[in-house]
Amino acid sequence: QVQLVESGGGLVQAGGSLRLSCAASGRAITMAWFRQAPGKEREFVAAISWARVTTYYANSVKGRFTISRDTAKNTVYLQMNSLKPEDTAVYYCTASRDYYKGRGLADYDYWGQGTQVTVSS
């Protein structure tokens, strides 16, 4: 079992930055961030393979967001720059016991409780 605890959400103006953190209690091979805006489906944002240090990004955040990990702290980060109002959502940390399989909800085994990110225009 892997427990995930997110932190770092908040309110920021458009063009600003935030860094989300996700502390994992157990070992996960792949970790990722998803987000869900009001009235919309949960969508993939970024993923990182723990052992291979390979990263994956949604086209909508590529070049603005960076996912990274600190293996010593068992923590994954999402650095979000040049934020836009359309980035407003609840951001969820998720983990898989397997190597990266894809961007679907079913590709991940464990989920955090989510952290709110609000970008004002």
(request) Kindly give the heavy-atom pair with the smallest separation between P85 and A14, and that separation in Å. (result) CD-CB, 4.1 Å

(message) So L20 and V117, do their side chains get closer than 4.5 Å, heavy atoms only?
(response) yes

(message) We want to know whether S17 and N81 form a side-chain donor-acceptor pair, criterion being a heavy-atom distance below 3.5 angstrom.
(response) yes

(request) Using the test ring pair (Phe, Tyr, Trp, His ring centres under 6.0 Å), find all partners of Y56 that sit at least two apart in sequence or belong to another chain. (result) Y100

(message) Less than 6.0 angstrom from the centroid, inside 45 degrees of the normal: does R19 satisfy that with respect to the ring of Y77?
(response) yes

(message) Nearest 0.5 Å, please: how far is CD in E6 from OG1 in T75?
(response) 12.0 Å

(message) Would you say that F65 contacts L83 through its side chain, given a criterion of any heavy-atom pair below 4.5 Å between the two side chains?
(response) yes

(request) State the SG-OH distance between C22 and Y91, to the nearest 0.5 angstrom. (result) 15.0 Å

(request) Find the distance between CD1 (I48) and OG1 (T66) and round it off to the nearest 0.5 Å. (result) 10.0 Å

(request) Quick one: closest heavy-atom pair of G112 and Y92, and the distance? (result) O-CD2, 3.7 Å

(request) Tell me whether L105 is reachable from Y108 by hopping between hydrophobic residues (I, L, V, M, F, W, Y) whose side-chain heavy atoms are closer than 4.5 Å. (result) yes

(request) Look at the side chain of R64 and the backbone N and O of S82, then say whether any donor-acceptor pair between them is shorter than 3.5 Å. (result) yes

(request) State yes or no: do M31 and F34 share one hydrophobic cluster built from I, L, V, M, F, W and Y residues joined by side-chain heavy-atom distances below 4.5 Å, directly or via other members? (result) no

(message) Going by salt bridge (charged side-chain N to carboxylate O under 4.0 Å, His left out), name the pairs with one or both residues in residues 20-35, residues two or more places apart or in two chains.
(response) R35-E43, R35-D87

(request) Look at the side-chain heavy atoms of Ile, Leu, Val, Met, Phe, Trp and Tyr, link any pair under 4.5 Å apart, and say whether W111 and I67 land in one connected group. (result) no

(message) For a ring pair (Phe, Tyr, Trp, His ring centres under 6.0 Å) check, start with the C-alpha distance between W33 and F44, then their side-chain angles and the critical distance, and finish with the verdict.
(response) CA-CA 7 Å; W33 291 93; F44 174 84; over 10 Å; no

(message) Quick one, V90 and T115 - any side-chain contact, counting heavy atoms below 4.5 Å?
(response) no

(request) Using a 4.5 Å cut-off on heavy atoms from C-beta on, say whether the side chain of V2 contacts that of L4. (result) yes

(message) Is there a side-chain contact between L78 and V45 in this structure, where contact means two heavy atoms from C-beta onward sitting under 4.5 Å apart?
(response) yes

(message) Are V119 and Q13 packed together at the side-chain level, in the sense that at least one heavy-atom pair is separated by less than 4.5 angstrom?
(response) no

(message) Measuring from atom CZ of R69 to atom OG1 of T55, what distance do you get when rounded to the nearest 0.5 angstrom?
(response) 10.5 Å

(message) Under the salt bridge (charged side-chain N to carboxylate O under 4.0 Å, His left out) definition, can you give me all pairs with a residue in residues 91-107, not counting sequence neighbours?
(response) R97-D109

(message) Around atom CD of E86, are there more than 12 heavy atoms from other residues, nucleotides or ligands closer than 6.0 Å?
(response) yes

